[in-house]
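Take a look at the structure set out below.
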Amino acid sequence: MKVRVNVAACVGHARCAAVAPEVYDLDENGFNVTAEKDVDESLRSQAIRGMRACPERVIWVEGASDRD
Ligand code: F3S
């Protein structure tokens, strides 16, 4: 599935990678650099956890709603 991050709107909370380190990559300042990535289905729950952990709501996971 596809994962997209509006990296321009990321402010560097780094919570996404804290809960989903296999999905989201941060730069040395803690900003998300995963603008778009094809993620294996086995990492879906991790990807969604990371999406929900972001207070800025800048992460989108294919097939997941806000309530997932
Ligand atoms: Fe950025 Fe949100 Fe992660 S602000 S570093 S995408 S928790």
Side-chain angles (χ1 to χ4, degrees):
M1 83 222 143
K2 287 242 186 294
V3 169
R4 289 197 192 99
V5 179
N6 181 358
V7 292
C10 167
V11 297
H13 288 298
R15 295 189 196 170
C16 52
V19 299
E22 293 171 86
V23 177
Y24 303 103
D25 301 309
L26 305 182
D27 68 14
E28 65 278 8
N29 296 313
F31 286 80
N32 197 317
V33 294
T34 311
E36 183 168 324
K37 191 173 182 179
D38 245 318
V39 176
D40 192 84
E41 207 51 48
S42 64
L43 292 173
R44 169 172 285 277
S45 61
Q46 200 183 124
I48 291 173
R49 230 176 297 138
M51 175 187 82
R52 295 179 64 184
C54 176
E56 306 301 323
R57 317 292 287 168
V58 299
I59 299 174
W60 174 86
V61 175
E62 185 175 12
S65 77
D66 279 355
R67 282 167 290 155
D68 277 333

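Note that the coordinates shown come from a computational prediction; the quantities given were computed from them, not determined experimentally. Every number for a ligand or one of its atoms is a count from 1 in the order of the listing.
Separation of atoms NE2 (H13) and CD (E56) is listed at 3.5 Å; rounding is to 0.5 Å.
Under 4.0 Å from ligand 1, heavy atoms of H13 appear from its side chain as well as its backbone. Contacts with ligand 1 closer than 4.0 Å are made by heavy atoms of both the backbone and the side chain of C54.
Ligand 1 places these atoms under 4.0 Å from at least one heavy atom of G30: 5 (S). Taking every heavy atom of V58 and a limit of under 4.0 angstrom, the matching atoms of ligand 1 come to 6 (S). Close contacts between ligand 1 and E56 involve ligand atoms 4 (S) [criterion: under 4.0 Å to a heavy atom].
Residues Y24 and V7 share a single hydrophobic cluster, defined by chaining ILVMFWY side chains whose heavy atoms lie under 4.5 Å apart. Tracing side-chain contacts under 4.5 Å through hydrophobic residues (I, L, V, M, F, W, Y), one reaches M51 starting from M1; they form part of the same cluster. Each of V19 and L26 belongs to its own hydrophobic cluster when Ile, Leu, Val, Met, Phe, Trp and Tyr are linked at side-chain heavy-atom distances under 4.5 angstrom.
Between the side chain of Q46 and the backbone N or O of E22, at least one donor-acceptor pair lies under 3.5 Å. Under the 3.5 Å distance criterion, the side-chain polar atoms of N29 are left unmatched by any main-chain donor or acceptor of F31.
C10 lies close to atom 1 (Fe) of ligand 1, since one of its N, O or S atoms is found at a distance under 2.8 Å.
Protein heavy atom in closest approach to atom 4 (S) of ligand 1: V11 N, 3.4 Å. Nearest protein heavy-atom contact of atom 3 (Fe) of ligand 1 is C16 SG, 2.4 Å. In terms of protein heavy atoms, atom 5 (S) of ligand 1 is closest to A14 N, 3.2 Å.
Checking each of V61, V33, I59, V23 against V5 for a side-chain contact (heavy atoms from CB on, under 4.5 Å) leaves exactly one that passes, namely I59.
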